[in-house]
Amino acid sequence: MSILITGGAGFIGSHFALRMVNQGKHVVVLDKLTYAGNIENLNEITGDENKFKYFKFYKGDICNQELVGHIFSSEGVDVVINFAAETHVDRSIMSAGTFIDTDIKGVFVLLEASKRHGIKKFIQVSTDEVYGTVYHDAFKETDTLNPSNPYSASKTGGDRLAYAYWVTYKLPIIITRASNNYGDYQHPEKFIPLFITNALEDKKLPLYGDGQQIRDWIHVEDHCAAIDFLIVHGENGEVYNIGGGNERCNIDTTYFILDELNKPRTLIEHVKDREGHDRRYALDCTKIMSLGWKTQIKFETGLRDTIKWYKNNQKWWKQIKNSAFVEYYNRQYAHRFVNTCK
Ligand code: NAD
Ligand code: TDX
């Protein structure tokens with residue numbers, strides 16, 4: 001089995017790639033190495049290639065039909081896990097173009113190549129954001145999709161396009177919709193790593209609005225285990241929610257981070273809210289759980305370990321934060337700090 005992991009140099013993809021090589025799988029990673037991709041996330045694999053049966057890295061774009069076609073024929077790909085995406089809601093609000101390209105057209109290119117080459121399984125890694133905000137209970141896989149920002153709308157496009165290739169061409173597709181991931185190697189512009197690293201640097205933590213928005217957190221290893229589980233136990237043409245069962249208000253998560261680091265709560269700055277900010281995400285995971293999957297990592301334990309990891313791996317995130325990140329941070333936050341809401 002040759003498994004193509006797109007976006008394998010990103011946060012979740014790199015964890016999944018390590019999991020697959022550890023199982024002795026023949027692994028091929030295709031990643032464009034955007035600002036979010038980091039070859040160092042794969043150091044555990046590339047540092048000791050002899051340890052693994054087969055690992056190959058291609059730097060490139062999933063929208064590049066020629067390159068994707070070449071990888072499928074020369075590597076004999078029979079399983080595709082599509083993690084590659086533009087993933088940050090705030091960036092999609094600033095500029096949506098690359099989201100449309102990668103999260104919709106990129107999925108199309110991968111689906112076409114998969115159809116031509118008669119692959120055995122295609123997992124489209126979608127997101128809970130496709131449902132939009134949920135005010136009561138939790139979303140089921142059959143609920144209406146109601147994405148509300150350019151990121152979630154383009155992910156919805158990829159999600160439904162994958163489904164269409166199952167219905168129309170019987171391409172063996174599975175769609176997963178996970179909740180918010182956390183863990184090591186997450187890019188420091190996302191909420192949890194941004195707040196941990198800002199606190200370590202004694203910088204302000206820009207909490208959007210009242211901080212009462214709710215996210216359901218899942219540890220990245222639990223998410224990867226669920227996808228691995230679905231390759232074997234999932235049914236083609238089906239959608240599976242993958243939630244952590246850990247709904248927390250952003251302000252409570254912020255307090256936890258500050259308390260763990262012994263930093264004062266005065267570092268919190270309530271700033272101008274995200275436009276169209278989804279208030280709450282929550283998933284009903286009965287479907288995947290009835291097949292026998294469940295999470296293993298308790299949120300507080302996982303978050304404590306994540307905080308320790310960022311404390312002990314400052315070189316990794318400082319390299320990122322000291323580069324193009326500075327310009328992004330100013331563009332994203334300068335006006336927010338001006339509009340601080342007390
Ligand atoms: P990430 O931003 O850390 O990584 C994305 C990776 O994709 C990067 O390595 C980047 O270089 C690569 N990439 C981007 N555009 C590409 C292109 N055109 N061609 C090839 N590679 C490209 O993202 P992540 O948090 O690891 O998310 C991975 C997947 O999981 C995404 O599809 C995302 O929508 C989905 N997801 C993420 C979360 C979460 O909380 N992080 C939750 C649910 C679903
Ligand atoms: O500076 C911040 N301040 C703040 O209050 C940032 C970056 C975020 N937030 C809030 C916004 C959200 O309510 O924290 C919450 C989490 O924000 P993000 O880390 O940007 O994640 P979110 O928008 O919830 O989307 C994430 O989960 C679903 C991932 O980035 C997506 O890729 C995934 O599909």
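FYI, side chains are in, hydrogens and waters are out, and symmetry mates aren't considered; it's all heavy atoms of this structure. Both ligands and their constituent atoms are indexed starting at 1 by order of listing.
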*Atom indices of ligand 1, in the order listed, that fall short of 4.0 Å to a heavy atom of Asn180*: 40 (O)

*asked:* Testing the 3.5 Å rule here: is there a donor-acceptor pair between the side chains of Asp278 and Tyr281?
replied: yes

*Could you see which bit of Asp278 sits under 4.0 Å from ligand 2, with heavy atoms only: side chain, backbone, both or neither?*
neither

*State whether the shortest distance between N or O atoms of Thr34 and N or O atoms of ligand 1 falls below 3.5 angstrom.*
yes

*Please assess Trp316 against Tyr185 for the test ring-ring contact (aromatic ring centres under 6.0 Å, His included), listing each intermediate value before the final yes or no.*
CA-CA 8 Å; Trp316 180 85; Tyr185 291 107; 5.6 Å; yes

*Could you tell me which atoms of ligand 1, counted from 1 in the order shown, lie closer than 4.0 angstrom to a heavy atom of Gly60?*
19 (N), 20 (C)

*Return yes if a side-chain donor-acceptor contact under 3.5 Å exists between Glu75 and Tyr54, otherwise no.*
yes

*Which ligand 2 atoms, with their elements, are less than 4.0 angstrom from a heavy-atom of Leu207?*
5 (O)

*What atoms of ligand 2 come within less than 4.0 Å of a heavy atom belonging to Thr127?*
28 (C), 33 (C), 34 (O)

_For Thr87, the ligand 2 atoms whose distance to one of its heavy atoms is below 4.0 Å_ = 30 (O), 31 (C), 32 (O)

*Ligand-side contact atoms (ligand 2) for residue partner His277, heavy atom cut-off under 4.0 Å*: 11 (C), 12 (C), 13 (O)

*Non-hydrogen atoms of Ser126 versus ligand 1: any pair closer than 4.0 Å?*
yes

*asked:* Looking at Glu327 and Arg331, is any side-chain nitrogen of the basic one under 4.0 Å from a carboxylate oxygen of the acidic one?
replied: yes

*Please work out whether any backbone atom (N, CA, C, O) or any side-chain heavy atom from C-beta onward of Lys190 is under 4.0 Å from ligand 2, and answer side chain, backbone, both or neither.*
both

*Can you tell which part of His88 has a heavy atom less than 4.0 Å from ligand 2: side chain, backbone, both or neither?*
side chain

_Does only the side chain of Val89 get under 4.0 Å from ligand 2, or the backbone, or both, or neither? Count heavy atoms._
side chain

*What do you reckon, are the aromatic ring centroids of Phe191 and Tyr182 less than 6.0 Å apart?*
no

